[in-house]
Each structure stands twice: as structure tokens, then as C-alpha cells.
Amino acid sequence: MNLKFPLLVALMMFCIEAIHAQNVLSPADLLSLKASRTVQMHPDGNQLIYAVYTPRTANEKPGGSHGKYMLANLKTRESKALFADSLKAYSPLWNAAGDALAFKMVVEGKVQVFVSVGDDFNPIQVTNAINGVNTYAWNPDGKSFVYTSTSLTTDKEKELRKRGYGFIFYEENLKNDNLFKADFDADYKLIKETQLSKDVNVWDFSFDKAGKQLAYTATELKLIDQKYMFRKIHIYNLETQKLTQVIDNVGKLGNYDFSPNGEQLCYTGAFNINDHGVSTLYTVNVDDGNITNVTPEKYKGHIAWANWKSDKELIYLAHEGVYPKLFSYKPKGDKRTLLLDAKEAGAIFSTPVYSSDFKAMAFTGNTPSDMSNIYTWDGKGKPSILSNINPELASKTLGEQEIVSFEARDGLNIEGLLIKPVNYKEGEKYPLVLYVHGGPESHHSNGWLSRYSTPGQVMAGKGYLVAYINYRASTGYGVDFGMEGFGEPAGKEFDDLADAIDYLVKEKGADRDRVGMAGGSYGGYASAWFATYYTEYVKAVAMFVGISNIISKKGTTDIAYEELYVHSGKQLEEQWEMNLKRSPIYHAHKSKTATLIYGGAVDPRIDPGQSKELYRRMKMNGHPAVRLVQYPGEGHGNRKQVGQIDVLYRQIDWLDWYVKDLKPLDGPMPNLDISDKYGLDWAF
């Protein structure tokens, strides 16, 4: 009798029981975690509005998370609900004086802006937008709002739709979002509403500090592709009611802000039309539109946000590798000062909100062991944590997270993050899963990494090594690094992922025979590439809203110009053969990888046909372990909790089955019906 096998099984069972005894993060735990977001700091710096988002449970009506606005007293460090639960109010904003609060509510099916003054909460309706208010902002003078509202559908169009003639005219007959100004008296009674823009679609806007000028971005058509690539900053004089300047910004655009004297504008945007991310900081002379790039030359990072602190000083948020940093910058003298480094601060912080004197700041932060909380900072020392929205995480045993780096095959250094299994021991072998970010204009920071489609800490609790690699073309490492994938999809970008697997096998205890991969969008493309071209590297993949055929993707995506300018660089006609050979369907017949394909059934970004094409090519080549799941009503990522629940449990089952447990490719697949794991209360 062979005694080794029973002893091995007993040892494995002991290890599993030890892990569970340590209270690791379960799928149900992950699905219940709350998120937070800062909304606005009171001008005097003593109060803060922030939002907390609570996921819906499995038994609730399908939808997104429940949002609740909180009001924090920054002196007592106590928080309370801003609105009563019975009041369906949202998007709160204080005026510049801080003595009135505006918010949105629905009246007779239309969204309008209301104002409340003082402690007695008595909402006053201010706007009367015929088609409702989309976004809005106070004029700093306190005498008006500016808001966007969508063009009306005509009675004729409504009647045609009612009679069955409501046809879809693709990218035509679009309803633009127009810009309006609502003037009111001292009692917040509406005086008049004036339309400011016409013949363009307005995406966003920002006042100067005196309320005399308005900057807004606009495109000819209300298309997401135009928003990504062709927005121009317009300067509008509210006193003369005339457009005074259209800034010649190029490519992708971040935020923008007037200097206090209104003479300058700063904005973050692309380095050039081919830059795939928001990377660069600019200043603009408002009078003549002259643009100056004030980013350090060959900067090894991406500047994501900037605001004026004074007429002579800017602050900006930059991402350098796996950490964000906050800087001040004085154009005169080209002087930069590091204000806050996330590595030293102890939290990955977001864009700050601040008081009018910049002496109080707040932001959302996360850490490797904390998904989301609100932090405040007075400009000295480390930020202070204000909230505790997921206290249950303190009792969880999580996998240790560390920064890793390795040399790619061509010698370039590649960085990433690794979550080790709970109870990790040097010298032992562990199954490995790589979670690949999308974009590729994105990156992983050294904070909380676990989401419903990339559940790193859940997998660490199950005994996996989990890697998040900032492969070539990621942001946070400079424009040159970001351009490494330009015109060469699935080339050096995904070679980096193969090299990462080799490194993790050699140096970190990954089991060469038990490797999986999952990712969404461009990360789904990577997963499909490894299921086909690099099939020898992975036992199983989970491809979420991913690309399988570059040629047909270019003809069906809603961001075709974005794809052309910042990814391909050339028209399809000039790249037929390369695009074909960089498509997973071209290599599908080679696959020896269990392939789970899933995504939204109405995805405008990566058409659901991309999933069907890979599924069909694999099936037609006799692949025994391929499954396609689509989520009705979902787009590019699942917004409703029902689809998120299924993605999480289905992915875990798939990877456990083929990677951890090494079930044969030609054997039975994991259960199709996994509804017993959803946590449903059955009515029969």
C-alpha cells in the first residue's frame, strides 16, 4: 500500500482547515464591502461631505450600489447622514460662501436643483429645466447656477416611436447636452433661465473664481469617441455672453481650472494625439490661448489632475509607478515641491478636495488591507483617517502584499504587485493567477486590489499567489513607457506577462503547472491571447469583455477614433495581416487552455460578438473546455450586483477546477448552474 498519498491528502486537508480557521476573506465578504468618495470640503475647512456606497444583496432588485451622503464635522471627527432616507436628494454642493447647500431631486419625472439655507432643512426649488438637469454648479457669485440639460425629443419623434417607427439612426439624430444659466434672487426664486451653448455637446464645465468666466469642453456630437479624443476647452464670458476663446488642446483631456485672477487656465491632458493617457500638465494664457507644457521633460510618471492654489502656484496629482504623489509647482522659477507621497502617507490617495484657503484637504484612500476610507490632511505629517466603513476587515487574515520587479526579455524593468497566499512559506509551490488590467492605459497602485472580477485577497485565502503586473503600455511610468504598445497590440505588452510568469515561477514559488489568468477589456484581450498564442503558459483563463478579433473590433467599437489615434496609429487597411495575426481567433486552434468567456450582452465598447467569435472558433476546432456566459442589459463591465455575484463565483470555480485542482481539459467542466452560491432566499 502506498502511504504517501493518504498522508499528502491529510496534510492538504490540515492546511485548508488552518486557512479557514484564520478567517480569510470569502467571496461573500468581498461582495459586501463598502466604497467611499469625497464630494466637497466646506469652504471654511470644518465640514466635509462624502459618500458611502453599499452593495446590493443577492436578494435585492438588480442594480448598482446604494449611495448615502455623509456630513463630517472635522473638529469632532463625527459623521452623520446629510439627508434623511425619505428625501431622495443627491449631488450636494455648498456655495462659495458656505451658507447654502444645493442638491438635485426629481420633480414630476424631471431632475431639478434645490437649495436649503441654514439648519432648518427646507428645500427651495430653483431650476425649472424642461428636460431636467444633468450636471450643475454654483456660480461663485452666489446668484446663479450653470447646468447641462439634454435637448428635447419632439412630439413627432415620440409619436413615431409609439407607433413602432422609432428606428435607430446610428450616430445620427443625437440629442446634445446644452449649457444653461439659471439666475435667481436673494430668496432663491428663479428669475430666468438662459441657454448659453448651441450646436455642440457640452461635456463638463468650470467657473473662474469671480464667476465672470466659464470654461467648458464641447464636441460637435454627443459620442463617447469624440469625448475621448476631440474635446476642446471653450472660454465663455458670462458678462458679455460671448465665446472668447477655444483652446487648441490635443488628444485626451483631464481636468482644468482657472487661476484666481482668471488670467490663466491649467489643464491635464495627453502629450500629443497619440498619447493614450492623461499624462501632461499645461498652463494657458486665457487672453491669447497660448499653451505652455510645464511637465518635466521625459517625466517618468503621469500627471492626472491639477488646480491653482494661487496665481503663482499650482498643485497637481501624479502617478509614479505604484504610488501617487501630490506636488506644488511655481511656474516662475520652475520650482517643484513634493507635498505628499503615498508611500510615506500609508494610503493610496485620490484627487483631493480642499478648503478655500487650502489649509484642509480630504481624499479617498485605500491600503493593501483596507478597501476604502476617507482621509483628511492639514498639509503636515501623515493624513488622518476619518471613517471606518469596513470594520470587519480588521478581523480578516489577508495575504501579504509586496512590490515585485523583474527584467523583461529585452532588459526593460517591469514592476507589479504580488499578493502571497495566507500562510505562505518560502520554498513551497503555489498555484498562480495573474489579474491583468485593462486599457492598457491604466496601472495598479500598491493599495487594495480586490474587486468582483479580480478577487486577489479571496484567492490568496484559497492558497494562490496573485500577481498584478504593470506591463508595458501601463500608465504611471511616463509617456515613452506608455507608447511601448503603440501600433503593436499583443506584442511586447503581453510578452511582459509571459516573462512575469517565468519570474514568479523562478523566484516566488509559483507552480509552473498551475497558472491561470483573468482580466477585463484589454485584460480580457490578454487572457484570450494566453488561451491561444501563449497557451503553454496557462491552464485556464477567464476572459471578461475581451477582444478576440482586432479587425472586427475596429468596426464595432464605439471608440474607433480613440483606437486609431492612440493604439493602432494606422488605418485598418494598412494593417490587415498584422491585425489578423495579433487576434486570438487566429491562434484559437492551438489552444490547450480552459477558457471561460463572459461579458455584457449590450457592450458598446467591445461588442459581444468578440466573445462569440472566440467561442465559435474554439468550438469548431473541438475545444473541450470553453464556456460563454453573457449578462443581459450589461455593458462594458457589470454594474448590477447580480452579474457581479456570478462573475466572482464562476471565475473562482473555473480557476479552482482547472488550475488549483488540475482537472483534465477533456473531462467534465465545472457546474453550469452555480445559483446555490449566490446567497438567494428561495421562494419555492
Side-chain angles (χ1 to χ4, degrees), residues 39-49 69 71 82-84 86-152 176-198 202 204-216 234-244 257-258 260-262 353 355-357:
V39 176
Q40 187 186 20
M41 177 80 74
H42 193 277
D44 67 11
N46 292 325
Q47 296 181 92
L48 172 73
I49 298 173
Y69 291 96
L71 177 63
L82 179 63
F83 301 120
S86 58
L87 191 72
K88 305 300 182 184
Y90 58 103
S91 300
L93 286 176
W94 279 300
N95 63 358
D99 57 9
L101 181 72
F103 45 89
K104 294 193 291 188
M105 291 197 299
V106 178
V107 181
E108 297 180 351
K110 307 294 183 184
V111 177
Q112 304 293 350
V113 178
F114 288 73
V115 170
S116 177
V117 182
D119 296 330
D120 296 328
F121 200 80
N122 184 26
I124 304 167
Q125 183 177 338
V126 180
T127 64
N128 191 29
I130 297 173
N131 211 29
V133 172
N134 297 336
T135 58
Y136 80 100
W138 285 92
N139 187 320
D141 68 8
K143 298 177 181 179
S144 65
F145 289 115
V146 166
Y147 65 85
T148 58
S149 184
T150 306
S151 299
L152 291 170
N176 281 338
D177 289 348
N178 299 299
L179 199 60
F180 292 82
K181 181 169 176 274
D183 293 285
F184 46 79
D185 63 18
D187 296 319
Y188 297 102
K189 181 179 179 181
L190 181 65
I191 299 172
K192 64 176 180 178
E193 289 180 286
T194 308
Q195 184 169 337
L196 305 181
S197 67
K198 62 179 181 178
V202 175
D204 44 49
F205 54 90
S206 178
F207 282 100
D208 73 354
K209 307 305 185 277
K212 296 180 179 180
Q213 296 180 99
L214 190 71
Y216 64 87
H234 295 59
I235 309 296
Y236 185 90
N237 188 306
L238 290 165
E239 294 180 318
T240 63
Q241 297 186 15
K242 290 183 179 179
L243 187 66
T244 60
D257 184 54
F258 281 104
N261 62 14
V353 295
S355 59
S356 56
D357 61 5

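Below, each value reflects all heavy atoms present in this structure, side chains not excepted, and no hydrogens, waters or symmetry copies.
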Is the shortest heavy-atom distance from the side chain of [X] to the side chain of [Y] under 4.5 Å?
X      : Y      : result
Val106 : Lys88  : no
Val133 : Phe145 : no
Met41  : Ser355 : yes
Trp94  : Asp44  : no
Tyr236 : Gln241 : yes
Leu179 : Leu214 : yes

Shortest non-hydrogen contact between Ser91 and Tyr136, atoms and distance: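 Distance-wise, the nearest heavy atoms are O-OH, 2.6 Å.
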Will you find, in the side chains of [X] and [Y], an N or O donor that is under 3.5 Å from an N or O acceptor?
X      : Y      : value
Asn139 : Ser144 : yes
Asn131 : Ser151 : no
Thr135 : Asp204 : no

Students often mix this up, so state it plainly: with edges at 30° and 60°, are the rings of [X] and [Y] parallel, tilted or perpendicular?
X      : Y      : value
Tyr216 : His234 : parallel
Trp138 : Phe184 : perpendicular
Phe207 : Phe205 : perpendicular

Ser149 (side chain) donor-acceptor with Gly132 (main chain) under 3.5 angstrom: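 Checking the backbone N and O of Gly132 against the side chain of Ser149, a donor-acceptor pair under 3.5 Å is found.
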